[in-house]
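Reminder, nothing fancy here: chain letters follow the sequence lines and each chain counts from 1.
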Amino acid sequence: MTIVEDADDLFLSSAQEALRSTDGDDALRVLGWRDLFGSLDEDPDTRLGVLAYFRAQGRELGTSGALGELMAHPYAVALDDRRAMTATVERHSARRGSRAVVVGVPRSGVVLIDRPGHGISIVELDTLELRPIGLSDGLALHEIESDLTGLPVALGEAEAVPLRTQSVLLGRLAIAYEILGAAETALAGAVQHARDRTQFGEPIGHFQAVRHLLASARVDAAAVTALAHQSVERFPALPPLHDAILKALAGRNGRRICERSLQVLGAIGFTTEYDHHRFHSRVLVLDALLGTSNTLTTQIAVTLRASSGLVPDLHPSAEALRGS
Amino acid sequence: MSSLAASAPAEDAAHADIVSFAAGFEAWLLTRPAALVNAALPQPSTDDRMVAMRRLMGDLFAEGWGRWGWSEAFGGFGGTIMHRAVMWEGLARHGVGSMAAFEHLEVLGPTLLAMGPPEFCAQAFPGFLNGTQTWAQGFSEPDAGSDLASIRTRAVLNGDAYRITGRKIWTSWARFAHWSLVLARTGTVESRHRGITAFIVDLGSPGVEIRSIAQANGHDELAEVTFDDVVVPAGRLIGSLDGGWPVAMHILSSERGTFAWFRRCFLLHHLQGMLRRGSPGADGLLGDAVLDLAGLGALSMEALRVHELGAILGPRAAFTKLVLCAAEQGLFDWALASDPDVVIDPFDEQGLDLRTAYLFSRIVTVYGGSQQMQLDTIAKQILQLPA
């Protein structure tokens with residue numbers, strides 16, 4: 001009787017290898033990552049490759065413009081614009097409202113700014129005033145400080161809506177994978193610590209309280225992995241709310257995994273001498289983009305209660321069961 | 001294709017294709033067969049639920065839908081576990097509240113057919129499928145719960161039969177069952193998991209006594225089963241002599257893995273039914289439950305696929321089981337937070353069904369291996385922490 005193991009993902013390991021030897025944007029070039037965009041809709045293996053990069057980036061704490069490039073893809077296709085383009089990533093600030101974030105080290109090129117309600121604008125990056133934000137996780141993030149009102153509109157709101165849905169869907173999938181990569185690496189560090197650290201004359205991994213913290217974190221990671229893979233497989237025919245559910249699950253579980261790992265690490269995990277804080281920070285930062293897990297979780301509930309019909313994802317079709 | 005499939009009778013070979021089967025079955029459900037309508041009514045008592053479910057299973061078998069997903073050698077029409085997944089999803093969506101004793105079709109059915117005596121299974125299994133002869137699973141004992149390897153129920157070979165003596169407890173659906181799988185010790189007590197054998201016991205045999213146990217949720221499907229020198233023909237073994245442990249692990253892989261898919265179907269049915277009464281103040285709980293239900297959907301789908309390929313999940317089934325616990329408890333936490341009537345004033349039969357389900361959700365972290373045992377399994381076998 002065969003017992004299943006984790007599937008070995010070739011693209012994931014090559015991406016990690018590339019990220020260890022060069023910076024993120026160069027790794028994308030070495031991997032031929034952008035060449036995969038063409039068959040995103042048709043081929044699940046290609047999609048898995050494109051998204052595995054983000055899991056690798058989370059594991060290696062790499063930084064790149066991959067998220068913005070992937071999110072720009074649906075617009076670039078619609079506009080038939082072949083320039084190197086990065087899309088801004090939305091986040092919500094309690095003080096300042098909706099903010100546009102450039103992810104990755106800013107380089108020259110064009111930025112696609114999506115302003116819900118006002119359509120899409122495309123501007124040269126070096127005309128924008130940028131302010132660095134973020135945490136100690138190594139991911140370069142800049143918020144646009146320039147006044148965006150009155151920017152020329154490249155694509156009106158009506159045309160932007162369906163493209164925005166696709167763009168946000170891709171962005172949330174990518175972020176879920178990157179959160180997973182960072183959180184599972186934080187967990188691996190805590191598991192190793194539980195094997196090595198001795199107290200009361202034995203490794204702390206002998207103690208059931210510690211074992212259960214780590215095992216619970218592993219369950220949280222398994223749920224995110226399974227849902228993320230399922231999303232990649234069924235893309236683009238994902239039911240409404242699916243991307244919000246995946247992103248919220250990744251954010252909630254990712255934070256929980258990091259918190260449990262930190263608890264096992266003890267004080268060392270709270271220092272800059274140990275790398276836990278960087279993975280933990282990466283998860284926190286990513287959770288803040290494209291809807292926090294808290295916001296999305298509530299939105300999901302509100303939408304569900306307001307809908308009189310069935311939420312399709314909750315009742316998958318026979319096609320989904322067959323995996324076609 | 002759908003309209004063709006929808007009009008084809010259940011035995012049509014085209015239904016080997018899962019999409020065709022789903023369309024055909026849905027069309028049948030939409031005719032609102034009397035047994036379905038009856039099984040979808042609230043059934044506050046365990047006995048009433050069993051009567052309704054036996055009738056429904058009988059009709060599903062007679063019509064043919066209930067035979068898909070099971071091998072022709074054992075009374076089925078062929079196909080895979082995906083057929084069963086589609087069938088139960090449809091039944092839940094059309095209002096059937098639970099599988100009752102037929103949950104053992106998914107918990108122990110696959111193991112019985114894979115490791116049981118083929119001739120016996122060919123003769124007995126159709127009775128399970130058609131609802132006339134259900135099964136129970138005798139694992140736990142008064143002194144062997146989480147520590148299953150310490151069971152003391154004994155089987156001794158005497159001529160061409162074994163004689164079984166001992167006591168099983170928390171045996172679900174035993175009161176209604178014709179057959180039970182019974183784990184009994186054939187080696188020394190010190191042999192632990194190596195000296196255990198899985199037997200097929202006719203619960204109508206002399207020496208079997210079944211005492212139902214009233215549960216805190218108002219149901220009484222649990223039972224204590226006593227075996228006093230019960231005669232079991234020597235050929236009624238599942239797996240080999242002293243090979244009961246792999247049989248138990250195979251069953252638990254289904255109970256903690258694929259079974260979560262089937263259970264989730266009924267949770268979604270509850271969710272749908274309760275949405276209108278959801279309180280805005282409890283939205284955080286609802287959202288959290290939906291996240292876990294989605295994770296559970298993906299994990300249990302993986303489990304179905306693995307099973308379809310002829311493999312088993314092994315320790316990874318603990319993931320599915322633990323996410324099921326979170327989803328089920330989260331869902332009912334939300335139900336209670338939305339409306340305290342759930343426990344204090346059920347009001348009508350539907351309310352009673354809901355209260356029963358709420359109370360049952362408090363124990364999901366215990367049955368089929370406690371949450372703590374599942375976490376230990378993950379710590380040891382997946383994280384490989386030192387024991």
Where does Ile300(A) contact chain B at under 4.5 Å (heavy atoms): side chain, backbone, both or neither?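 For Ile300(A), side-chain heavy atoms alone lie under 4.5 Å from chain B.
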Arg211(A) versus chain B, the contacting section by heavy-atom distance below 4.5 Å: both
Highest number of heavy-atom pairs under 4.5 Å with chain A: which of Ala379(B), Pro386(B), Gly287(B)?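 Looking at each option in turn, the highest pair count goes to Pro386(B).
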Among Ala222(A), Ala244(A), Gly205(A), which residue forms the greatest number of heavy-atom pairs with chain B at distances under 4.5 Å? Ala222(A)
Gap separating the [atom1] atom of [X] from the [atom2] atom of [Y], nearest 0.5 angstrom:
X: Leu383(B); Y: Leu187(A); atom1: CG; atom2: CG; answer: 6.5 Å
X: Leu299(B); Y: His229(A); atom1: CG; atom2: NE2; answer: 11.0 Å
X: Ser216(A); Y: Ile378(B); atom1: OG; atom2: CD1; answer: 7.5 Å
X: Gln372(B); Y: Gln208(A); atom1: CD; atom2: CD; answer: 8.0 Å
X: Asp292(B); Y: Ile245(A); atom1: CG; atom2: CD1; answer: 11.0 Å
X: Met274(B); Y: Arg305(A); atom1: CE; atom2: CZ; answer: 13.0 Å

Is [X] close to chain A through its backbone or its side chain, or both, or neither, when contacts mean heavy atoms under 4.5 Å?
X: Gln384(B); value: both
X: Leu267(B); value: neither
X: Ser279(B); value: backbone
X: Gln374(B); value: neither
X: Pro280(B); value: both

Nearest atoms (heavy-atom pairs only) where [X] meets [Y]:
X: Leu275(B); Y: Leu304(A); answer: CD1-O, 3.7 Å
X: Leu249(A); Y: Gly295(B); answer: CD2-CA, 4.3 Å
X: Leu385(B); Y: Leu214(A); answer: CD1-CD1, 3.9 Å
X: Ala294(B); Y: Leu227(A); answer: O-CD1, 3.5 Å

In residues 326-337 of chain B, which residues are in contact with chain A at a heavy-atom separation under 4.5 Å?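 None at all.
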Salt bridge (Lys or Arg N to Asp or Glu O under 4.0 Å) contacts in which one or both residues fall within residues 194-210 of chain A, not counting sequence neighbours: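 Residue pairs with at least one partner in residues 194-210 of chain A: there are none.
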Any His212(A) side-chain heavy atom under 4.5 Å of Asp376(B) side chain: yes
Thr297(A): which of Val290(B), Leu286(B), Asp288(B) passes side chain to side chain contact (heavy atoms under 4.5 Å, CB included):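 Between Thr297(A) and the candidates, side chain to side chain contact (heavy atoms under 4.5 Å, CB included) is satisfied uniquely by Asp288(B).
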